[in-house]
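No hydrogens, no waters, no symmetry mates; every other heavy atom, side chains included, goes into these values. Chain identifiers are assigned alphabetically (A, B, ...) following the order of the sequence lines, protein sequences preceding nucleic acid strands; residue numbering begins at 1 within each chain. The shown structure was predicted, so the numbers you read here are calculated from the model rather than taken from an experiment.
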Amino acid sequence: MPELPEVETVRRGLAPLCEDRTIVSAEFSRDDILIVPDDAGQKPARWAQEFTEGMVIDRVYRHGKYLLFDTEGERGWAVHLGMSGSLVVYTDGAAPDKHTHAVLNMCCGAELHYRAPRRFGRWIAARDGPARTAVSGRVGIDALDPTLDVRRFMNRLGGSQATIKSRLLDQRLVAGLGNIYADEALFAAGIHPRCPASSLDPGRWATLLRGIRSVLRRALANGGTTFASYRDARGRKGGNRGHLSVYGREGEQCPRCGNSVERIKVAGRGTHCCAACQQMPE
DNA sequence: TTACTCCTGGCC
DNA sequence: GGCCAGGAGTAA
């Protein structure tokens, strides 16, 4: 499941292969993959024709788990990879399979293929501005934004009785964490996922923010985590799986205290933690 | 705050 | 053959 490190890895691969390239044509095999704002009054195919064909991709950037594509003329769209989505650029041809839902044909024969076997991902067209405007309101500050300090972090997520894990997963508060890195960050900080957010003191918030940064940066350095389907822009798997402490390690020894890693349910999500060294507050 | 929906590969 | 995970939007 692509989260911030996976999406950023894809972005780093895509940018040099897409930026300054002209889109020759865009093909969507399914209408429901592309969301066009209601008031744009256009069918996806027509939107694609009008706003991608003949356009030059200016910039590929990212906010949270969204990949953002800006074209010349201040237009753009956002891509969410969902659970199983990938964006891979082929330079010497590749046959789309039944899970390939969109293909951007670019100049020089490069093709951007969007595959999403579970079809949870979406392309979202911006109504009348750059890609960033397509996701405003859906995402809060990016988890790796250098201006996110402890005070802002605490103000955003605190003040709620909800579990800290559900707060970390709320993309409108801080964007980029999914189930894997929420569990890893809470483990790194020694905080139990069921802690009410309102119970954390400033010291714990600081530790948690450091934990988030640390697990995200390590994952990024390893090219992301691949469980099943995640691939980068060249189709390669990520190498971070072996660096996870608790996620996917139910029943194994906690790398910190040696107790058994548990899998519990928090906020409706499968959650991995060590009950011995991730504590609830008094 | 919880539950449902979407969807399919992978697992039992 | 059936069930489940899981992000995000929406409904109850």
### Query
Nucleotide range of DNA chain B contacted by chain A, 5' to 3', under 4.0 Å to a heavy atom?
B:dT1 to B:dG9
### Query
C:dG6 phosphate, OP1 or OP2: any side-chain N/O from A:R118 under 4.0 angstrom?
no
### A:R122 CZ - C:dG9 C1' separation (whole Å)
10 Å
### Message
Can you measure A:H272 atom NE2 to C:dA5 atom C1' for me and round it to whole angstrom units?
### Response
11 Å
### Task
Consider only side-chain heavy atoms of I, L, V, M, F, W and Y, link residues closer than 4.5 Å, and tell whether A:L200 and A:L148 are in one cluster.
yes
#### Entry: Any A:Q171 side-chain N or O less than 4.0 Å from OP1/OP2 of C:dG7
no
### Query
Are A:Y90 and A:H113 an aromatic pair by the rule of ring centers under 6.0 Å?
yes
### Message
Base, sugar-phosphate or nothing for A:G270? Non-hydrogen atoms, less than 4.0 Å.
### Response
sugar-phosphate
#### Entry: Whole angstrom value for the distance that separates C1' of C:dA5 from NZ of A:K265
8 Å
### Message
A:T225 vs A:Y181, test: side-chain hydrogen bond (donor to acceptor under 3.5 Å, both in side chains). Steps then yes/no.
### Response
CA-CA 10 Å; A:T225 302; A:Y181 300 111; 2.7 Å; yes
### Whole angstrom value for the distance that separates C1' of C:dG7 from CD1 of A:I35
13 Å
### Task
Determine the contact category for A:R269: base if any of its heavy atoms lies under 4.0 Å from a base atom, sugar-phosphate if only primed atoms, P, OP1 or OP2 are that close, otherwise nothing.
base
### Residues A:R30, A:D32; criterion salt bridge (Lys or Arg N to Asp or Glu O under 4.0 Å); working and verdict
CA-CA 6 Å; A:R30 307 181 54 95; A:D32 59 357; 3.1 Å; yes
### Task
Would you check if the side chain of A:R218 reaches a backbone N or O of A:N240 as a donor-acceptor pair within less than 3.5 Å?
no
### Message
With the criterion set at under 5.5 Å between ring centres and under 30 degrees between planes, would C:dG7 be stacked on A:F120?
### Response
yes
### Query
What's the CG-C1' distance between A:L173 and C:dG7, to the nearest Å?
15 Å
### Query
Are the aromatic ring centres of A:F51 and A:F69 under 6.0 angstrom apart?
no
### Task
Give the rounded distance in Å between these two atoms: CG of A:D170 and C1' of C:dG7.
12 Å
### Message
Within the 4.0 Å heavy-atom criterion, would you say A:Y181 contacts the bases, only the backbone, or no part of the nucleic acid?
### Response
nothing
### Task
Look up atom CD1 in A:I33 and atom OH in A:Y114, then write down how far apart they are to the nearest 0.5 Å.
5.0 Å
### Note: A:D170-A:R172 ion pair, threshold 4.0 Å (strictly below)
yes
### Task
Mind checking A:Y66 for me? I need base, sugar-phosphate or nothing, with any heavy atom below 4.0 Å counting as a touch.
sugar-phosphate
### Message
Can you tell me how the ring of A:W77 sits relative to the ring of A:W47, calling it parallel under 30°, perpendicular over 60° and tilted otherwise?
### Response
perpendicular
### Query
Hey, what bend do you get for the helix from B:dT1-C:dA12 to B:dC12-C:dG1 if you fit axes on five pairs at each end, rounded to 10°?
60°
### Message
Between A:L87 and A:I57, is there shared hydrophobic-cluster membership here, with clusters defined by ILVMFWY side-chain heavy atoms closer than 4.5 Å?
### Response
yes
### Query
Looking for any heavy atom pair under 4.0 Å, which part of the strands does A:A162 touch: base, sugar-phosphate only, or nothing?
sugar-phosphate
### Query
Base, sugar-phosphate alone, or nothing: which one does A:R172 contact when heavy atoms must sit under 4.0 Å apart?
nothing
### Task
Measure the distance from NE2 on A:H63 to C1' on C:dG7 and round it to the nearest whole Å.
16 Å
### Message
What is the distance, to the nearest angstrom, from the CG atom on A:L4 to the P atom on C:dA8?
### Response
12 Å
